[in-house]
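Heads up, the thing below is written out as structure tokens.
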Amino acid sequence: MPETPYNHEEVELKWSERWAAQPELYKAADDGVKPRYYVLEMLPYPSGRLHMGHVRNYSIGDTLARYMWMRGYDVMHPMGWDAFGMPAENAAIKRNQHPALWTFSNVGHMKQQLARMGFAYDWARETNTCTPEYYRWNQWFFLRMYEKGLAYRKNSLVNWCPECATVLANEQVVDGCCWRHETTPVEQRELVQWFLRITAYADQLLDDMAQLEAGWPAQVLTMQRNWIGRSEGAEVDFTLKATGEKLRVFTTRVDTIYGATCVILAPEHPVAKQLCSGDLAAALKTMIDDPSRKDPETQEKSGFFTGATAVNPYNGQEVPIWVGSFVLWGYGTGAIMAVPAHDQRDFEFCRKYDLPVTPVIRPVDGELAIESEMQECFPDYGVVENSGPWSGLASAEARKQMAAFAEQQGFGKASITFRLKDWGISRQRYWGTPIPVVHCPVDGVVAVPEDQLPIELPTDVQFTGEGKSPLAQNEQFVKTTCPKCGGPAERETDTMDTFVDSSWYFFRYVDPRNTSLPFDPAKVQPWFPVDQYIGGVTHAILHLLYARFWCKVMRDLGLVSVDEPFKNLFTQGMVQLNGQTMSKSKGNIVDPDDMVVKYGADTCRLFTLFAAPPEKNMDWNESSVEGQYRFLSRLFRWVTRNFDNPAGTGETDAAALRKLHQTIRKVTADFKNRWHFNTSIAALMELMNELQSVEAGLSPAVRRDCSEKVTLLIAPFAPYAAEELWSLLGHAGPVFKQSWPEFDEALAREELLEIPVQVNGKLRGRITVPHETSKEDLEKAALADEKVQAAIAGKTVVKVIVVPGKLVNLVVR
RNA sequence: GCCCGGGUGGCGAAACUGGCAGACGCAACGGACUUAAAAUCCGUUUUUCCGUAAGGAAAGUGUGGGUUCAAGUCCCACCCCGGGCACCA
């Protein structure tokens, strides 16, 4: 056929329609005939429009999925919607439109956008987290956790805007004030909230990372390790002098306890409240509410003396009890012993308030510091001094012995503390999963029986953005009867954090319409762990940690058999414009829709993969996009004018086949190794350059062969163009279910090698030799080269380095 | 402050195990085709210097040292950029 110009619109609309008519096209067979491969991309929040970050994430995943199909796998490639969350509720407040309406209309639009990009999803598995069919299982899991003591209620501090009379999420607090009332300082209020006991799994979350070393980026593992923050130390009870009450502190350096010169409490500590009255109580409240306490810029330590003292159980010494701004209520016991001589923060605090500094550790090869001369603390391990029976011990040894002593004496113990806190899931919002419990005046907190699930969100609610959450203002919802005693009771009106939704959705994909369980364990088993998870590094901690936790809970419930849900994780870089993150506020958004209209989805996909390696940030550059369009057109035209062209003698066949098979080798290796699709596409460009330059001499058979292989090679990257070419080639589709081309080492091999010759490490000439030329012959050929001879003229060759197949280097004097 | 990444032409990048630095693409410039433009095709393009020219020389991967026949790649020190964590006792 004659050369056909590449018309992206015509090609893509034609295949869009055909694919839309075949929903079974991307279905995972799930029959065990072929090996299974689960490609998972992080599901989007249905904000209404796809952005370039999505396009990049899903282009990477789709390319991989299509490649795995071509490698003969039964590929699971599902998609869904992380559809609960604040934006829908904010939209409701603003436009008086129900969150569900807003959400579902966004989903409809984004689904079209995804399809138009040519992403091959098994839509029969579509999962939307804001539907009762899905969130009833969030409730089901909650009940299981409640039964096992993994879900519990406790008092906790929340951000409270007195103007809105509502709770704010952390991201709604801007500079210590409410996002809607910019001059109203946010207060800390105590509220009873629901928590999931993720800390019960802290050790497992840490230890099982060993299973992830091979498949996860080291950076993500490090971030999780730091987040979990395991630290070994000891808990020790000081005694309140006045009352004899115990005051427990946590320390990692119990070996320094003879140097403790005061005890410092977090301002939120109950004992602080108890000890402070009058002016002190006011100071305490100010400190608790001061937003700059958490601001990294103002790290000035401040505090005050409570007037009370405590007794150190090791030496009976009486020390003052202070309140300190820098002591965290959420970590350890919320109280510390200050050892200024050996901790920099304590040092700064005690020097500021003229508290004594008592050195008790000396360097292994040095003297004990003198208090008046100390400019900074000595934080290292050393030898313990002035510490009663432990004097003379090494720090490490003293830590062990002193902790054991505390336990033996009953005033403490060795202890491990985690930075990780239990997961607070209560949200005083409407658009989330209702927590399935009832508050009964008689029976207290009562779990809703399983057969009453789902507790559905009521639809007739008012969205004002003020006061209690819309759920709490809805009497019909709140008023209920106690499942236990049948008396009048009130429903819990808190909803769950949306991270709950995304903690297990990828299990639901495998069995999405199950009505009796979240999923059938037998169905899920062969697909897990997920072979490849792909998403932004922004989720490195929270989402990925919660999902790991959820998986372990499900394992303990007997639902799954894996410890870890994701075998391999890939984190892609951001899409930027002129080095800046695209954002609405900056007004520098590139809309995928515009790009698709102008250049087509294939070009868009090619560019996002070509511009940078996928793990790196990439910059959107429209003229570079045009380059991809030119490449795709060139490829399209080459194939259409060559595949059935009967002309040609075949004199350039070998050259074309050599480049073709080198390209197959390169692209295949990129899929296997590091997904540097930018170099795969570059290799395909090189191939097209070569094919174009040797075109005139090709035989008909090789024209055909190259046309087919090129079409197959481009198929994972540019599915529309490939499908069109495949059908022009006379084949029944779909192209992504054909076998990936095998490369032939013999055809890929160059006839002759060109070997660089260096003299003293500088390139002086090149010799062309057959493969497997011996070292001796390489040396001879190098010395015989004209340019090399000129370079060594009048000098003595002292050494010759020959790396067969690579280079020759002559060392001369 | 601590922990990770990274720094290569005008730009995005490549160089996978120490072995020809700059593949591929963008932009720019020159040419062919065209009445013209677009599209397409061909060519040049790291810098500096020598030469009318063919061609040749030197320098060059953030900076300074080092190891090596050979360093973008390995080692030491430093500078800059990006990300994460940030009083975690």
Side-chain angles (χ1 to χ4, degrees), chain A residues 3 5 217-223 225-227 229-231 233 249-254 256 264 266 293-294 296 299-301 324-328 330-339 342-346 348-349 379 417-421 537-538 540-541 573-574 579 606-607 610-613 615-628 630-631 633-634 637 666 669-670 673-674 676 678-689 692-693 754-766 787 790 798-803 805-812:
Chain A
E3 176 180 302
Q219 183 204 2
V220 174
L221 293 177
T222 308
M223 284 163 76
R225 214 167 271 129
N226 292 342
W227 189 261
R230 184 181 194 271
S231 93
V249 303
F250 173 73
T251 176
T252 54
R253 292 295 303 274
V254 71
T256 65
I264 312 178
R293 237 182 97 213
K294 286 171 184 163
Q299 291 195 4
E300 175 75 11
K301 292 165 187 46
S325 63
F326 68 103
V327 180
L328 303 173
Y331 184 76
T333 60
I336 63 165
M337 61 176 201
V339 184
H342 304 292
D343 180 290
Q344 190 55 30
R345 294 155 305 183
D346 298 347
E348 286 168 26
F349 189 85
T417 292
F418 292 91
R419 206 193 84 117
L420 181 71
K421 290 178 218 160
V537 75
T538 28
I541 297 176
M574 292 185 296
L606 275 174
F607 174 73
F610 178 76
E615 71 277 8
K616 277 186 65 178
N617 288 350
M618 61 165 281
D619 215 70
W620 192 266
N621 177 317
E622 190 151 342
S623 46
S624 192
V625 177
E626 285 176 32
Q628 299 307 306
R630 281 201 281 269
F631 161 63
S633 319
R634 231 145 45 83
R637 282 181 278 118
K666 168 69 181 154
D670 279 338
N673 299 336
R674 353 176 255 178
H676 277 198
N678 52 330
T679 61
S680 313
I681 294 167
L684 285 162
M685 287 171 167
E686 280 188 61
L687 172 62
M688 292 322 295
N689 291 345
Q692 215 160 330
S693 72
E754 199 186 57
I755 304 283
V757 181
Q758 299 179 337
V759 175
N760 286 345
K762 293 196 172 167
L763 182 69
R764 291 301 176 199
R766 292 191 174 90
K787 286 181 183 168
V798 285
K799 196 172 173 186
V800 181
I801 288 123
V802 182
V803 185
K806 284 277 187 189
L807 104 168
V808 177
N809 188 10
L810 306 170
V811 185
V812 300

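- Backbone-only engagement by A:Ser231 is indicated by non-hydrogen atom pairs under 4.0 Å involving sugar-phosphate atoms exclusively.
- Taking atom CH2 of residue A:Trp620 and atom C1' of nucleotide B:C11, one finds them 17 Å apart after rounding to whole Å.
- Checking B:G12, B:C20, B:C41 against every side-chain atom of A:Gln692, the shortest atom distance belongs to B:C41.
- Under the rule for a salt bridge (charged side-chain N to carboxylate O under 4.0 Å, His left out), the partners of A:Arg225 that lie at least two apart in sequence or sit in another chain are A:Glu213.
- Taking every side-chain heavy atom of A:Lys787 into account, B:G56 is the closest of B:C20, B:A89, B:G56.
- In terms of the ring-ring contact (aromatic ring centres under 6.0 Å, His included) criterion, residue partners of A:Phe326 (sequence neighbours excluded) are, by chain and number, A:Phe349.
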Taking distance alone, no hydrogens or angles, what donor-acceptor pairs closer than 3.5 Å link side-chain atoms of residues 678-687 of chain A to residues at least two apart or in another chain?
unit_1, atom_1, unit_2, atom_2, d
A:Thr679, OG1, A:Lys666, NZ, 3.3
A:Thr679, OG1, A:Asp670, OD1, 3.4
A:Thr679, OG1, A:Asp670, OD2, 2.8
A:Thr679, OG1, A:His676, O, 2.7
A:Ser680, OG, A:Asp670, OD2, 2.8
A:Glu686, OE1, A:Lys659, NZ, 3.0

For this session: Assign a letter to each nucleotide of nucleotides 67-74 of chain B from its 5' end: B, base within under 4.0 Å of a protein heavy atom; S, sugar-phosphate only; -, no contact.
Result: --BS----

Could you list all N or O pairs between the protein and nucleotides 4-9 of chain B that sit under 3.5 Å apart?
none

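- On the P atoms, B:G31 is 23 Å away from B:U48, given to the nearest whole Å.
- To the nearest whole angstrom, the two P atoms, one in B:C16 and one in B:C26, are 24 Å apart.
- The glycosidic torsion of B:G9 lies within 90° of 0, which places this base in the syn conformation.
- Summarising the base pairing, B:G72 is matched to no nucleotide, lacking a Watson-Crick or G-U wobble pair whose two defining distances lie under 3.5 Å.
- Note: CG (A:Leu763) to P (B:A59) measures 13 Å, nearest angstrom.
- Ranking B:A59, B:A89, B:A14 by closeness to the A:His676 side chain, first place goes to B:A14.
- Scanning both residues, A:Trp620 and A:Val625, for their nearest heavy atoms gives CZ2-CG2, 3.8 Å.
- For A:Arg634, the side chain to side chain donor-acceptor pair (under 3.5 Å) test picks out A:Asn689, A:Gln692, with sequence neighbours left out.
- Closest approach of A:Met337 to A:Val254, counting heavy atoms only: CE-CA, 4.4 Å.
- The pairing partner recorded for B:A57 is B:U48, the criterion being a Watson-Crick or G-U wobble arrangement whose two distances lie under 3.5 angstrom.
- The nucleotide B:C29 finds its pairing partner in B:G43, both defining distances of the Watson-Crick or G-U wobble pair being shorter than 3.5 Å.
- For the pair A:Lys762 NZ and B:A58 C1', the computed distance is 8 Å after rounding to whole Å.
- Between A:Arg230 atom CZ and B:A89 atom P there is a gap of 12 Å when expressed in whole angstrom units.
- Searching all strands for a Watson-Crick or G-U wobble partner of B:A21 with both distances below 3.5 Å returns nothing.
- Residues satisfying the salt bridge (charged side-chain N to carboxylate O under 4.0 Å, His left out) test with A:Arg253, not counting sequence neighbours, are A:Asp255.
- Look at CG on A:Asn226: it is 9 Å from C1' on B:G84, rounded to the nearest Å.
- Among all heavy-atom pairs drawn from A:Lys806 and A:Pro756, the shortest one is O-CD, 3.1 Å.
- A gap of 13 Å separates the C1' atoms of B:G22 and B:C11, to the nearest Å.
- B:U73 and B:G66 have their C1' atoms separated by 15 Å, given to the nearest Å.
- Partners of A:Asp346 according to the side chain to side chain donor-acceptor pair (under 3.5 Å) rule, which considers only residues two or more places apart in sequence or in another chain, do not exist here.
- For A:Ser231, the side chain to side chain donor-acceptor pair (under 3.5 Å) partners are A:Tyr331, not counting sequence neighbours.
- A pairwise comparison of heavy atoms in A:Leu807 and A:Ile755 identifies CA-CG2, 3.5 Å as the closest pair.
- Separation of the C1' atoms belonging to B:C79 and B:G65 is 15 Å when rounded to the nearest angstrom.
- Using a 4.0 Å heavy-atom cutoff across all strands shown, A:Pro5 reaches no nucleic acid atom at all.
- A:Asn760 places a side-chain N or O within 3.5 Å of a backbone atom of A:Val812 that can act as its donor or acceptor partner.
- The base of B:C16 has none of its N or O atoms less than 3.5 Å from a complementary donor or acceptor on the side chain of A:Arg674.
- Here the shortest heavy-atom pairing between A:Leu810 and A:Val757 reads CD1-CG1, 4.4 Å.
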For this session: Assign a letter to each nucleotide of nucleotides 22-27 of chain B from its 5' end: B, base within under 4.0 Å of a protein heavy atom; S, sugar-phosphate only; -, no contact.
Result: -BBSSS

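- Nearest-nucleotide assignment on RNA chain B puts the 5′-proximal partner with A:Met618, out of A:Met618 and A:Arg637.
- Rounded to whole Å, the separation between the C1' atoms of B:A71 and B:G64 comes to 16 Å.
- Between A:Met223 atom CE and B:C2 atom C1' there is a gap of 14 Å when expressed in whole angstrom units.
- Atom NZ of A:Lys806 and atom C1' of B:G18 are 10 Å apart (whole Å).
- With sequence neighbours excluded, no residue satisfies side chain to side chain donor-acceptor pair (under 3.5 Å) with A:Asp619.
- The side chain of A:Arg419 contributes an N or O atom lying less than 4.0 Å from OP1 or OP2 of B:A86.
- When both pairing distances are held under 3.5 Å, B:A14 makes no Watson-Crick or G-U pair with any nucleotide shown.
- Within the nucleic acid shown, A:Val327 comes within 4.0 Å of at least one base atom, counting heavy atoms only.
- For the salt bridge (charged side-chain N to carboxylate O under 4.0 Å, His left out) test, residues two or more places apart in sequence or in another chain that qualify with A:Glu3 are A:Arg641.
- With both ends at atom P, the span from B:C75 to B:C4 equals 14 Å, rounded to whole Å.
- B:C81 and B:C33: their C1' atoms are spaced 47 Å apart (whole Å).
- Nearest to the side-chain atoms of A:Ile541 among the listed nucleotides B:C85, B:A89, B:G19 stands B:C85.
- The CG atom of A:Asp343 sits 9 Å away from the C1' atom of B:C87 (whole-angstrom rounding).
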